[in-house]
Amino acid sequence: MTSYWLMKSEPGECSVDDVLAAPNATVPWFGVRNYQARNFMRDAMRVGDGVLFYHSSCAEPGIVGVARVASAPYPDPTQFDVKSPYFDAKSRREEPRWTLVDVQVLRKTRNLALPELRAHDALQDLVVLRKGNRLSITPVEARHWRILSKLLDHP
DNA sequence: GCCAACGTTGGC
DNA sequence: GCCAACGTTGGC
């Protein structure tokens with residue numbers, strides 16, 4: 001059973017174009033330091049799950065690409081790298097605290113931006129549109145995925 | 001830069 | 001376990 005997700009990335013850190021420029025258009029989703037988001041990657045994601053690639057903390061936040069989960073979960077190497085901003089001194093190699101998956105971008109889309117998302121009644125309860133939502137990874141219901149796929153293809 | 005909303009920390 | 005203080009996220 002395929003599941004669907006929305007994953008936020010700051011384009012200043014890693015944009016959809018950055019991922020497309022990487023080998024196999026695939027990157028490890030490192031740097032997540034929120035337990036709920038980690039648990040989605042560690043416990044719920046499966047290879048092949050659909051991913052909406054979302055740009056946050058930028059001029060025009062919105063969905064900018066379609067991606068897929070491209071690996072099983074594995075430990076985020078940046079947690080052990082003292083030079084990384086994501087270093088976690090409390091994490092031990094025998095028992096890593098932070099887990100990630102690889103994400104492969106399948107295609108770049110137009111920017112389906114927040115105001116347009118909010119304008120659709122059928123998307124009202126999309127998690128990312130909820131007030132105060134800060135979670136960088138959120139589940140997307142199949143019915144929302146279908147609507148969003150169409151919107152991304154047909155402006 | 002502002003600020004609402006949320007998560008984490010740590011004293012008790 | 002409670003909760004105040006603090007830190008972070010992220011749209012605007």
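Naming: A, B, ... by sequence-line order, numbering from 1 per chain.
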Could you go through nucleotides 8-11 of chain C and list every protein N or O atom that sits under 3.5 Å from one of its N or O atoms, giving the distance for each pair?
unit_1, atom_1, unit_2, atom_2, d
C:dT8, O2, A:Arg134, NH1, 2.3
C:dT9, O3', A:Arg134, O, 3.3
C:dG10, OP1, A:Lys8, NZ, 2.9
C:dG10, OP1, A:Arg134, O, 2.8
C:dG11, OP1, A:Tyr54, OH, 2.8
C:dG11, OP2, A:Ser57, N, 2.9

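Whole-Å rounding puts the A:Asn34 CG to B:dC6 C1' distance at 10 Å. What separates NZ of A:Lys131 from P of B:dC3 is a distance of 15 Å, to the nearest Å.
Other residues, nucleotides and ligands contribute over 12 non-hydrogen atoms within 6.0 Å of the CD atom of A:Gln124.
Only at 4.0 angstrom or more do the heavy atoms of residues 84-91 of chain A sit from any atom of DNA chain B, so none qualifies.
One side chain, A:Asp102 or A:Tyr74, offers a donor N or O that lies under 3.5 Å from an acceptor on the other. Of the N and O atoms on the side chains of A:Thr78 and A:Asp76, at least one donor lies less than 3.5 Å from an acceptor on the other residue.
Two rings, from A:Phe53 and A:Trp29, have their centers less than 6.0 Å apart.
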Next on the checklist: Does A:Leu129 form a side-chain contact (heavy atoms from CB on, under 4.5 Å) with A:His120? I'd like the steps, not just the answer.
Outcome noted: CA-CA 11 Å; A:Leu129 297 183; A:His120 289 277; over 6 Å; no
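Aromatic ring pairs are classed by plane angle as parallel below 30°, tilted from 30° to 60° and perpendicular above 60°; the pair A:Trp145 and A:Tyr4 is parallel.
Atom CG of residue A:Leu135 and atom CE of residue A:Met7 lie 10.5 Å apart, to the nearest 0.5 angstrom.
Taking all atoms of both residues into account, the shortest heavy-atom contact from A:His55 to A:Val16 is NE2-N, 3.1 Å.
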